[in-house]
Trainee: 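Shown below is the structure under consideration.
Keep in mind that the numbers below use all heavy atoms, side chains included, and drop hydrogens, waters and symmetry copies. All residue numbers in this chain count up from 1 along the given sequence.
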Amino acid sequence: IVEMKRIELLAMRQDQRKLLKAMQKMGCVEVSPIKDEALKAYQGKDSARLQQLDSLMERLRWTIGQLSQYNKQKAPFMGNLPDAEPQEIAYIQSHEAEMIAIIDKAEGLEKTGGDLKGQLARLQVAQEQLLPWQKLDIPVKEIHASRDVLQFVGTMNKAGVKALSEQLYVQVLGEERDNVYLWLAAHVSLKQELTAVMKSGNFAPAQFGDMQGTVQQQLDAYENKRAELQGASEALVTEWKTLSEQLTRLKIWFDLLQIERDQADAAQRTIGTGAAFLMRGWVPTSLADKVTEELKKLSPTCAVEVYAPEE
């Protein structure tokens, strides 16, 4: 068990950022929230930036996860990355809008991909619904009643089909379990008989909507559309792979944002005024003198007190 002592730091507000950064770098000071009710009005209020960072980091984490599927880097997610060059860090920090644009681009690609998947799924359903009618080789708009002839396209159970009169024209287009897909035509004089048989056979009319041409022509159009959508999906993969070239830079940016978030969180645990701030926390007893020395070096006017906690 590491022996710990309390530490209090009182310093000028202008030195707050560099002092918190130094303690973060030393990694041995745990900043504690100050709960004194009398000091509550002086509590740090940088919650808006914390929320902004949390939201941004969540989006960035998702983006990195997506891009990792297209760029198989050996370095594990958010860790053990090669040391970033100072100029690379400076570039990232000064081009946050460009980094956010990469996230926006990834989110746009994801939306486009979702749209393409939805279109392909709907297309597949439409094809499957139309396939049983593939042998219907006349334009569907021509299948309608005239003055002398009745025409119907739909499904009927097998018992109903057997009851159909030989005076009717019947073309069986296909079967599926007890259902028969068929095209019926009859003289108008047989309307009453045909209506009765259709009712007893649970006849259900085909639904072609506003389809033009023959069923085969529509199926060909669907196949062309499928090829177009698959081409767009392949192009989308290429865009993902191109965007994944930014993966290392995005991981470095995530680490930088994590550092900033930790600093903002620590700052929120402090209290202060426009001119000064007070921080309380814990430090290992063995490192207390070194921490005090480093803080004094960075801010000669600061006051550091290290003491044993009350039993």
Trainee: Do Val180 and Thr155 have side chains that approach each other closer than 4.5 Å (heavy atoms only, starting at C-beta)?
Mentor: no

Trainee: Do NZ/NE/NH1/NH2 and the carboxylate oxygens of Glu293 and Lys290 come within less than 4.0 Å?
Mentor: no

Trainee: Is it true that the side chains of Tyr169 and Gln171 contain a donor and an acceptor less than 3.5 Å apart?
Mentor: yes

Trainee: Quick check against the 3.5 Å criterion: does Gln217 have a side-chain atom that pairs as donor or acceptor with the backbone of Thr214?
Mentor: yes

Trainee: Under 3.5 Å, sequence neighbours excluded: what are the donor-acceptor pairs made by side chains of residues 220-227?
Mentor:
{"from": "Asp220", "atom 1": "OD1", "to": "Gln216", "atom 2": "NE2", "distance (Å)": "3.0"}
{"from": "Glu223", "atom 1": "OE1", "to": "Gln127", "atom 2": "NE2", "distance (Å)": "3.2"}
{"from": "Asn224", "atom 1": "ND2", "to": "Asp220", "atom 2": "O", "distance (Å)": "3.4"}
{"from": "Lys225", "atom 1": "NZ", "to": "Glu228", "atom 2": "OE2", "distance (Å)": "3.4"}
{"from": "Arg226", "atom 1": "NE", "to": "Gln127", "atom 2": "OE1", "distance (Å)": "3.3"}
{"from": "Arg226", "atom 1": "NH2", "to": "Gln127", "atom 2": "OE1", "distance (Å)": "2.5"}

Trainee: Can you see whether Gln66 engages Trp240 through a side-chain donor-acceptor pair at a distance of less than 3.5 angstrom?
Mentor: no

Trainee: May I ask you to test the Val215-Val140 pair for a side-chain heavy-atom distance under 4.5 Å?
Mentor: yes

Trainee: Does a donor on one side chain and an acceptor on the other come within less than 3.5 Å for Gln16 and Arg13?
Mentor: yes

Trainee: Going by atom types only, do Gln124 and Glu128 share a side-chain donor-acceptor pair under 3.5 Å?
Mentor: yes

Trainee: What's the separation between atom CG in Leu19 and atom NZ in Lys296, rounded to the nearest 0.5 Å?
Mentor: 11.0 Å

Trainee: Is the distance between the ring centroids of Trp133 and Tyr181 less than 6.0 Å?
Mentor: yes

Trainee: Do the charged groups of Asp104 and Arg59 touch, with an N to O distance under 4.0 Å?
Mentor: yes

Trainee: Would you mind checking if Asp255 and Lys251 are paired as a salt bridge, meaning a charged N to carboxylate O distance below 4.0 Å?
Mentor: no

Trainee: Considering only NZ, NE, NH1 and NH2 on the basic side and carboxylate oxygens on the acidic side, decide whether Lys158 and Glu175 come within less than 4.0 Å.
Mentor: yes

